[in-house]
Structure formats: structure tokens, C-alpha cells
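Computed from a prediction, not measured in an experiment: that's the story for all the values here. Scope of the values below: all heavy atoms of this structure, side chains included, with no hydrogens, waters or symmetry mates.
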Amino acid sequence: MRLPLPAVPRLSLRARLSAGVLAIVFLTAMGVTAAALHFLKRSMEAAIASEEFERISAIAGAVDQKFLSRRTLLKTFGDGVESRNLAGPEGLQELVMQHQSLREAFDNVAFTGMDGELVANLNGTQPIGKVNIKDREYFQRTVAARAGVISKPFRNRVSGLAQIALTEPVLDRGGNVAYVISAFVNLKEQNFLGELANVKFGKSGYMFITDTDGIVIDHPDRSRLLQRADAGGANPATERAIAGFEGTMEAVDPTGVHGLYAFKRIGQTNWVLGAMYPRDEAFARIDRIERYAWAGALLLTLLAGGLAFMTARAQLAPLSRLREHMQVSRAASAYAPMQEAPPDDEVGDLSRTFDLLMTERQAANEKLAASERFLRDVTDNLPAVVAYFDSSQRCLFANKAGLGMRGRSVADIGRMTMQESLPDHVYQQLVPGIAKVLAGTPTRTEGTYERNGKLGFFECHLAPDLRDDGVLAGFYVMTFDVSKRKQAEMHSAGSERRLRGLTDNVPALLAELDLEERVVFCNGKYQAWLGVSPDAMTDRPIHEAIGEAHYEIRRPLLARAFAGEVVSFEQAASLLIGERTLQTTYLPQRNAQGAVTGLYILSNDVTELKQKQMKLDALAREDALTGLPNRRSFDEHARDAMARSRRAGLPVCLLFLDIDYFKSINDSLGHAAGDAVLREFGRRLKESVRETDMAARYAGDEFVILLEGASGAAEAQVVAGKVLAAMRPAFHLPGRTLQATTSIGVAISEDDEDFPSLFVRADTALYAAKKEGKNRFMMAAPRSGKPGGASWPREEPSSA
């Protein structure tokens, strides 16, 4: 008996060992290189980041010193003014003009009276009496503290330039502020930082300065001065620095450039001095070293691997010759010993042992062939399928009846499995029995087969073949055709009785119609649900069984189903078990040629499913955190409200809100605190509006209120004021109390305006309210007007 050929070619042992040696050399070299490069890169990256932070720290110290020297100069000048005891503005103008050296440090120096009026000016007398800075925050802070301050960046009312101001009070003999000296620095001039503005990090790296509100004070791009740092897009590195971070970090700016950032606070102003060093430039030398290292490692691997490969192949050559001899011997009808004398080593011992085993196997195969001929003569004359399979279900023997099932020959034995030797539908029926016999348990299985378009029945006996040690060697199969016996049993059974017992317990109405719309069959649920017995419906036309009124409604649907279409519909029905929702399906019954021969009717009770769908639909329209309507519910309501508004000729008012500084609450206190603020905010918002108005959570910390049928802006302002007032009391959270205000944008719909346009105007007004200082509302301008509108409460912004 010949051994089966391998189904899939494999690599030789020599090839596998050679490949293994190459793999070990390669992995070792690559692993050592990767580890060394990892530690080297980490060390060099840390050194570059440290160097950048040290440079930015030195620059911050230098900037600090510049501010300190300017403040000292201004303080000295102010002390000189107090010592002269000048009472009139004429003397002050003459005095300031005598100190032209102040221009080396400042763009302008001016004296302002307590009424905020300009009384003396280093740049001439033209603005005197025309400029009042009483509302400037730096003037108010200087008067209140009677000490000099450094202002936030602002735009000069006379020149329109971006500036900062350094102030010093001039005290009279009573210690009261008589004048305020304001020294201005133009942010667009390079002499503000001097040589520091030209400091570069690599080829395209740069420095910038922002205040703690995120306003750009110094930047290589001068057009960004006095703009928000995130005006071109959010930068996580800048946001962390504004929040208080000092040190270095990597981040991607809004333009997609990956950079190494360093940040340091300036002590005099508490500004943030930052440096951006593009990562590609910062770590270019590291990348170069890495490429050279990998190239060297690869070259070393190729040299060492090639040497190892040659050595392995030379040592395994005798084993390869033995393998070739074994493959030739396996295919030969008679075994011939190896001609070449084997070497005197382990491979030689293996060759001699193989010769001995093959000689013994040839003698055993001859005896086995004689036994098989005798066994086949006996089994080929049995009126049954007889076969033997090993434990892997591979066929080792089959009689003539077994081979004839799939047109197999004796030569196919040993190459086909049980699944391959049987039709798939027959094998699937035997799978449970095969599992049992493989576990050592004899089993009998009955099943069906199809031959020449006719259904037949078989009975299969499976018996395990257990060795003396109890291990399963294989199993015997004997199969008989029992079609005639089964057909006799089926005719004597009462198939209709079994069918009715099954269908009567199905929780649905089941019926069958013939082509004349006559009821052929219906189950017992007609009695339980409708009070109509199946016997009263059978053999009657469907229109008589269900009534003419119901039939007229169903007639078009029945016609579609008899035309070959599967028809489904839902209906509300008053049943004996109560008001229910039924889903009915008309399913055409077809013969072997595909022609419609009747109709199946199935009606399922889907009442509970419909109720669950309604509950899910309600949940899908409510915000889970605040209990307010969600965005989907609000959008649907808004569309309907706009349609009603156009029909009635009345405006719709939209209030767009968000929570001031909500991101800071989340970042500093955690998302649990943020969720608590959102819940309390939603509760207060709901209590601030009428039941006829709609308040909803739109997204994140954004909320909306829709006032339908509002009389005009006055009514909208009242509602906005109520919302602002409702948010003023402290928010009491678990373990802490905090203030959370809101900013509101208010827009009134105009003729033929759609909702997206109304929403954009409300959003624009919200942005304007936040820009005005938050904790207020802003009315949106008409579509033809400029952005912005009336603000409440009416307060001037803190900077000009």
C-alpha cells in the first residue's frame, strides 16, 4: 500500500534551516540596531528639546529685563515730574518735549488728567483735547492702584496702531493721583524686542508672544498682531501654554506642520513667550544617523547571513540526497536500495535504517494486497454500502456499491475523505453520528438522499474500530437503502394531523388559499384570536370566510400576490385578546416550474414590537444628560415652526447659547463636573422659558431656544435677560461651588428667510457677544446690515 503524496509542496529541511539561520542573523542585527537607535534618538531628542527651552528661557529673561528697564526709566521720569511740582498742562507739555531721549524706549509718552483728557504729548500737541482714555483699563487700574501697570494689547485711537502701554501715576502733595503718564510701545516695530525678534530656530522656526487671553502680541507675521492665537485654527501646544504650561512639547499646528514647541512665561507681564521649531529641521541630524545605521546593519546582515547560508547548505547536502532517494522510492512500484554509499554519520545511519524499513514494508504490502482481494470479493456482493475510514475520515476501503455512488474507482481509495465520497446533503445528515463514533460510541443514523429527482431514505450504521490500548484507529460504515419501508411508514402516518398540531401552536394566523381563493387550510389561532373555527373556514371562498367588507379592502393585495408578488402590510385589529397590531404577508405558492399554484397567508402579532419602536423613537429625540430635546428633535420642530411662521406672517426668534469658559471647567475639574454643570444649566434654562417655547441641547455646551410667534425684539430680549439672570446664582456641584455664565446670540426671522440663514445670524451674534466680554446677549443685525447688534448688559469692553 503506497503512502499518499503530500497535498502541498513544502520547503526542504536544508532550505528551512538556511532560512532560519538567515532569519536569526537578520533579527539579531536589526534588534540590536533598533535598540541602540531607540536610546540614541531619545537622548538626542531630549537634548534638542532642552537646548530649545534654555534658549527660550534666556530670551524670556532678556525680554523681562527690557520691560524692567523701561518701567524704571518711566518711574524715574515720573519722580522727576513730582519733584518739579508742575500744576498746569503748559509746563507738562514743555517738560515732556525736553525729554526727547524717551523716544529711544517708547513710541510716545503722554500726560493724562484725572478726567482722562490728554494734556501733554511727546508727539506734539495736535491730539491734546481730542483724545480721552478714561475708559481704558490701564488708566483705570493705574488710578485705582496708584501704581504703574503694563496694559493689555490694544489699538491706538489716534494712529490705529497695535500697542501696549506702560503707566506711572504722578501724585500731588496729598498723595492723590494728579496725572497719569502713559508710555506707548508699537507692537509692529522691531525695536520692541530689538535683536530678539530676529532669533531663529533652524531655517523656518520662529518666536511669538501671546497674553493669557490668547491675544498675539509679537509674531513674525505682523498681520496676526492683536488677533487671537487660534484665529487660523486651534493649536494644542499654544492652548496648553496659555493655560499655564512651561516647557517643551511636540504638536501639529493648524497648517499641518509638526513642530517642537517651547514655552516660558515673562515675569513682568505674565505673557507667554513661545518658540516653534519644525520637527523635520530639529531632528534632521537624528534622521540622517538613523538611515546610516540601518544601512550598515543591513549590509552586515547580508554578509553574515550569506556566510551562514553557505555553511548550512554544505553540511546538509547528504541529507538532501537521502530525501531525493526517499521520494523516488515512494513513487516506485518496487523498492531499490540507495546506490551511493551513505556517509559514516547520523545521516548514514538514517539511510541504512530507511533501506531496512522499506524492504520490510514491501513484504507486508504484498500480504495486505492478498487480504484486500479476498475482502473485496466478499463485500462487493453485499446489497449495501460498506466502507472503512480512519480517524481523520479518510477512506481506506469501499466496496463496489460505495465506489459507485460518486463514480469513484479503486484507485481513488486513500485519496478521498468521507465528505468527498458522499453528496453534501447526505454527509451533513451523518455529521452528528460521525461525532459520536469518533468518540468511540456505535451509532445508527437515518436520513434522506436524492437520486434522479426522486427522494430516497437510508439507514447508516457506524461502528468504531478501537485498538487494544483503547485508541480509535478508524470506524466501519454500513449503509442500507430503506426507501420502500419509509414510504410505507409515511403513507400510514397522518401527515395532516401532525401538521395541524404544529401550526396550531404557532403564535400567528396561518392559512392557505388555492387559485380560486378558496381556503384550503387555516390553523387554530383563528379560533383563539377571531372566534372562528378552522372547520368553519375550510373549503369556503375567502370573501365568505372574512366578510365582504374586509375582502374588498384586501382584493387588490390578493391580486398582486396571485400575480407572483410577496405582499406585506400592517393593520390594527380588534381581537378576542384585545386591540393588536398585525403584520400580514401574502406569499405565493409555486410549483417546480415556478408557476403560482396558491397562496400562503401569515399574520404575526407585532404589537409589542411597535410599542418598543415608539419608545425608542421618543428616546432618540431626548438628550440623555439634560432631559431636554436633542438636536434631531429641535431641527424637526424648527422646520415646522418656520412653516407655521410663514403661514401666519409672524416672526420666529432663535436664541443660540453656550456656557462661558466651559472647556476650562472640563479641563480643570473633569468631565463629571462638566456633566453636572450641563444638567443644572439645562434645568435652569427649561425654567426660564414658557411651556410654548422650545429649549434644547444642540451640541456639547451649545443650547438653543425657539420662540414661536414672538412679537419682536423686545420679547426676545426679555427672554434672554431671564436666561442670563437664571444663570447668575452659583452652581452647587458635589464637593464645590462655581460660577457659570452664558453668552447668547439672538436672531429674529425676516420675510422668506430659511432656518439655516437664521441659525447663522444667531451664531454670528453669539460670537459677537463672547467677543464683547461674555455673560451677555447680542441681537443679530438684519441680513442686509453689518455683523453684530445691540448688546446687553450695555458695558464697554475692557480694552479699546
Side-chain angles (χ1 to χ4, degrees), residues 425 428-429 448-450 452-457 486-487 489-614:
H425 69 283
Q428 294 301 325
Q429 297 175 74
T448 62
Y449 66 90
E450 185 176 346
N452 299 326
K454 294 183 179 180
L455 184 67
F457 296 86
K486 279 294 182 181
Q487 290 169 359
E489 292 175 355
M490 290 172 61
H491 283 298
S492 62
S495 58
E496 183 177 351
R497 195 165 52 250
R498 290 195 301 272
L499 175 62
R500 180 165 297 283
L502 174 64
T503 58
D504 285 350
N505 289 284
V506 174
L509 298 176
L510 297 175
E512 180 184 355
L513 304 182
D514 60 16
L515 288 176
E516 298 178 354
E517 297 187 2
R518 187 176 297 276
V519 178
V520 177
F521 168 83
C522 64
N523 68 341
K525 280 295 183 283
Y526 279 86
Q527 178 72 49
W529 289 8
L530 300 175
V532 180
S533 69
D535 293 338
M537 292 183 62
T538 305
D539 294 330
R540 293 178 59 193
I542 186 66
H543 65 87
E544 293 182 5
I546 66 174
E548 293 293 341
H550 284 290
Y551 176 75
E552 288 302 321
I553 297 174
R554 305 287 183 267
R555 183 200 295 270
L557 302 176
L558 289 168
R560 288 165 53 192
F562 277 112
E565 180 183 351
V566 177
V567 180
S568 293
F569 59 91
E570 290 186 1
Q571 65 185 92
S574 297
L575 307 180
L576 297 179
I577 58 176
E579 294 292 330
R580 313 299 287 177
T581 300
L582 300 181
Q583 184 182 56
T584 301
T585 300
Y586 294 160
L587 184 65
Q589 178 186 5
R590 300 177 185 273
N591 59 17
Q593 289 73 37
V596 176
T597 59
L599 199 67
Y600 297 114
I601 300 177
L602 170 64
S603 295
N604 290 308
D605 184 356
V606 296
T607 307
E608 295 182 358
L609 178 60
K610 297 292 289 184
Q611 292 173 349
K612 289 179 180 179
Q613 288 176 344
M614 294 173 63

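No side-chain heavy atom of Leu455 sits less than 4.5 Å from a side-chain heavy atom of Tyr449. Using a 4.5 Å cut-off on side-chain heavy atoms (C-beta onward), Glu450 and Lys454 make no contact.
Note: Glu552 CD to His543 NE2 = 10.0 Å, rounded to the nearest 0.5 Å. Atom CG in Leu582 sits 6.5 Å away from atom CG in Leu509 (nearest 0.5 Å).
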Run the side chain to side chain contact (heavy atoms under 4.5 Å, CB included) check on Gln589 and Leu599 step by step: do they pass? CA-CA 5 Å; Gln589 178 186 5; Leu599 199 67; over 6 Å; no

Val566 and Thr585: CA distance, side-chain angles, deciding distance, side chain to side chain contact (heavy atoms under 4.5 Å, CB included) verdict: CA-CA 7 Å; Val566 177; Thr585 300; 4.0 Å; yes

For Ile542 and Val519: C-alpha separation, side-chain torsions, deciding distance, then whether side chain to side chain contact (heavy atoms under 4.5 Å, CB included) applies. CA-CA 6 Å; Ile542 186 66; Val519 178; 4.0 Å; yes

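The salt bridge (Lys or Arg N to Asp or Glu O under 4.0 Å) contacts involving residues 563-592 comprise Arg560-Glu565, Glu570-Lys610, Arg580-Asp605, where partners must be two or more places apart or lie in separate chains.
Taking all atoms of both residues into account, the shortest heavy-atom contact from Ala508 to Leu602 is CB-CD1, 3.7 Å. Here the shortest heavy-atom pairing between Thr538 and Cys522 reads OG1-SG, 4.5 Å.
The backbone N or O of Gln583 lies less than 3.5 Å from no partner atom in the side chain of Asn604, so there is not a single donor-acceptor pair.
Donor-acceptor pairing under 3.5 Å is recorded for the side chains of Glu517 and Tyr551. Between the side chains of Glu512 and Tyr600, no donor N or O sits under 3.5 Å from an acceptor N or O.
Aromatic rings of Tyr586 and Phe562 (six-membered ring for Trp) have centroids beyond the 6.0 Å cut-off, not under it.
Here Glu516 pairs with nothing under the salt bridge (Lys or Arg N to Asp or Glu O under 4.0 Å) rule; sequence neighbours left out.
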